[in-house]
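Heads up, the thing below is written out as structure tokens.
These numbers come from a predicted model, not from an experiment.
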Number of protein chains: 4
Amino acid sequence: MNPSDSDKPVAVHDRASAQRDRILNAARQCFIEHGFHAASMASIADAADISAGLIYRYFDSKNAIILAIIERQLAEKRADIASLAPGIDFAERIVELVARWRAGDARAMNPALFLEMSALGTRDPQIGNALLAADRLTRGDFARWLRQRAERSGTTLSDSEATVRAFTLQCLIEGLALRAVREPDIGDEQVAAAMALALPTLLP
Amino acid sequence: MNPSDSDKPVAVHDRASAQRDRILNAARQCFIEHGFHAASMASIADAADISAGLIYRYFDSKNAIILAIIERQLAEKRADIASLAPGIDFAERIVELVARWRAGDARAMNPALFLEMSALGTRDPQIGNALLAADRLTRGDFARWLRQRAERSGTTLSDSEATVRAFTLQCLIEGLALRAVREPDIGDEQVAAAMALALPTLLP
Amino acid sequence: MNPSDSDKPVAVHDRASAQRDRILNAARQCFIEHGFHAASMASIADAADISAGLIYRYFDSKNAIILAIIERQLAEKRADIASLAPGIDFAERIVELVARWRAGDARAMNPALFLEMSALGTRDPQIGNALLAADRLTRGDFARWLRQRAERSGTTLSDSEATVRAFTLQCLIEGLALRAVREPDIGDEQVAAAMALALPTLLP
Amino acid sequence: MNPSDSDKPVAVHDRASAQRDRILNAARQCFIEHGFHAASMASIADAADISAGLIYRYFDSKNAIILAIIERQLAEKRADIASLAPGIDFAERIVELVARWRAGDARAMNPALFLEMSALGTRDPQIGNALLAADRLTRGDFARWLRQRAERSGTTLSDSEATVRAFTLQCLIEGLALRAVREPDIGDEQVAAAMALALPTLLP
DNA sequence: AATGAATGAGCCTTCATTCAT
DNA sequence: TATGAATGAAGGCTCATTCAT
């Protein structure tokens, strides 16, 4: 295998997807700072350190970028929540997650974006449907994990019961995301105390 | 008394604040439908059935309207939450409230607007501070009510304990607002079941 | 009748349609100078001595302006051709018309625009249909006139024969329009000689 | 003889002019479909199945391509018209030619392009001059042929008389080209009838 | 108080052209 | 020779805001 052309296609693909990533990262930052609508393509180009025109080689339109960011965000959120599950120290994990949200950890969902895209879903059906689908996935993840956890602790949880708990957990955690946006300097202890209060009834 | 100016001061004031209200109602509708940024002054003028120029006699700028809407929204939210307190059937009240949110009841807070302005608070310090202040008020309301309720049932609740519960309730209820936006056709029963699950530990 | 408000509606309408006219005249000039595509909205605004944004109060888009210009042009062409008919000195009239075309008389059809919009009709079905309809009208006008003329001179002309002559006249005259574009300094005599040669067989 | 460079000069030249042709064919198609201005270099590159950058090795600019296309078109038109001359069945030949124009025969002049470039000649002096020169050639061809034809039929035709007839024929035939563009579904019979009517006075 | 015409900055997007590879 | 990524200058259009009436 000739190395000089064996990985050419890969290289080409890498370049393109690296550029896409570069643009998406820049866009994410701009959207966080100014909102989807107020962030201009020029500002994204600036942040990505490329020319404005070049963006259109990688994305059809600003809207396509917004969509891509939203999908990323949904994936990040799913991952964030998946990261809660494994252990036993559930409350502690949530505290950490909220702290990352508040800190603006670039690898986690951004809560302000999360709110804005939720509002957007109200007006744009395509986005609305994507959100709906993602929410159902998340709830399913949660319910599944709760039943496993129940099993592990020797009890059982009916499907519907698991779903109600998952729903409630979702409300609680997203409510925390909202708090993280509106009161960015709330302390970890407050979050921890709230979790200590609410979780016992929700977890099997 | 000269009839032509007898009640002018009052009339003028009435007229002016009626106009302001007219504009704010129109703006609210436009903001709900298109978002703060995408709603144009022209569309607001249209909805208010006045000319675009006239708006500037009552508001300095579009931003001033947004601010006014946000303040209204915050008041509505406080009222919404105050309406929860009085009775004993707290869960039922929440279900009703969420139903009104989902239905787009014009006299209640609009949840999509609530999300969007929360995101906006991230970028505009003036808004951020207004939200912070409102949240503290709400939490105070909640805590006070919880302590009264505790007293009424013969127990006591420390200040800090009341605050934690208030915080948790806030997360839960705002989480429900978010759900109302993202899953507008969730049933009342799901909300009721979630409340039945979560409230017992939170209420004294 | 109070004169100060009796003609207000008229005044209002006048203003708007005066502005539309102002814009169309400017657009016509720009289109003649640069072509439909190459003329910019900014150049039209400049020529009309108004701001670029204002144009959009009177026209939906650049395309709407092009359409309006084309319709105007078609009307002008029909009028140009109608002006040929009345007299007996048909050849002379044609010579005059071609002279006006060559001179760029603002009240007559502009032959360069005529060519460009004919080409455009190939690509834009809306324009294509408008042209087709206008051409049929013109041919009808011509045929009707030929039959009247025949009658007046004591002969008759069948419908189909009149149509063929009308078609031939159309080709000849439009061919002259093309010549006016491509050889703007051809002399009147050449046109007159050509007409003297061709018309006898075509006119009854 | 070293096979690797034996026929290089020829090959290179062939290659280069083949590429030029390839590009011009693609450009012609694009120009017909979208017009000179609206056709993009990218679309031409696509149609030619080469990269956009490569075009610039063979042509200095888009304008150079337009110029080349126009020159080609003028040659095609001259050939089209030359093809009319040889026989006696002149009318029939014209009918055939118009049919080819309407059908978009790739080897004949394209009438929509013909119109567009005529309009362009109004604005770009270089093009205007090229058109003028071509028209004079065509008229000369025509006049020469008319005189030969006269001779053959035993009469004579003065230079100026031949020129007037040539001019008139040109108008008629170009008028037909215009008709071919604007009424693409006119029947051959109509064209034939028109020719039967008009030609007798024009041909010796 | 009220209108709506007018402005002009700024936005998204396209495209001819260049250049490193 | 050939590619296609990259640029940057326009271009069409929208919109908050102002102002003469």
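Scored by the salt bridge (charged side-chain N to carboxylate O under 4.0 Å, His left out) test, B:Asp21 finds B:Arg72 as partners (sequence neighbours excluded). Among residues two or more places apart in sequence or in another chain, the side-chain contact (heavy atoms from CB on, under 4.5 Å) test is passed with C:Ala119 by C:Arg123, D:Leu115, D:Glu116. With sequence neighbours excluded, no residue forms a ring pair (Phe, Tyr, Trp, His ring centres under 6.0 Å) with C:Phe114. Annotation: side-chain hydrogen bond (donor to acceptor under 3.5 Å, both in side chains) contacts of C:Glu71 (sequence neighbours excluded): none. Qualifying side-chain hydrogen bond (donor to acceptor under 3.5 Å, both in side chains) partners for A:Gln29, counting only residues two or more places apart in sequence or in other chains: A:Glu33. For A:Gln126, the side-chain contact (heavy atoms from CB on, under 4.5 Å) partners are A:Leu67, A:Asp124, not counting sequence neighbours.
The stretch residues 54-71 of chain D comes close to DNA chain E through D:Tyr56, D:Ser61, D:Lys62, each having a heavy atom under 4.0 Å from the strand. Residues from residues 23-38 of chain B lying near DNA chain F, meaning a heavy-atom separation below 4.0 Å, are absent.
Taking the side chain as every heavy atom from C-beta outward, A:Ile66 and A:Met117 never approach each other to under 4.5 Å.
Within the structure, the side chain to side chain donor-acceptor pair (under 3.5 Å) test picks out no pair touching residues 52-65 of chain D (sequence neighbours left out). Applying the ring pair (Phe, Tyr, Trp, His ring centres under 6.0 Å) test to every pair with at least one member in residues 18-44 of chain B, sequence neighbours left out, gives these pairs: A:His37-B:His37, B:Phe31-B:Phe36.
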Below 3.5 Å, can you tabulate the donor-acceptor pairs from side chains in residues 44-55 of chain A to any protein atom, sequence neighbours excluded?
residue	atom	partner	partner atom	Å
A:Ser51	OG	A:Leu54	N	3.4

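Where pairing requires Watson-Crick or G-U contacts shorter than 3.5 Å, the helical stems of DNA chain F with at least three consecutive pairs are E:2-21 with F:2-21.
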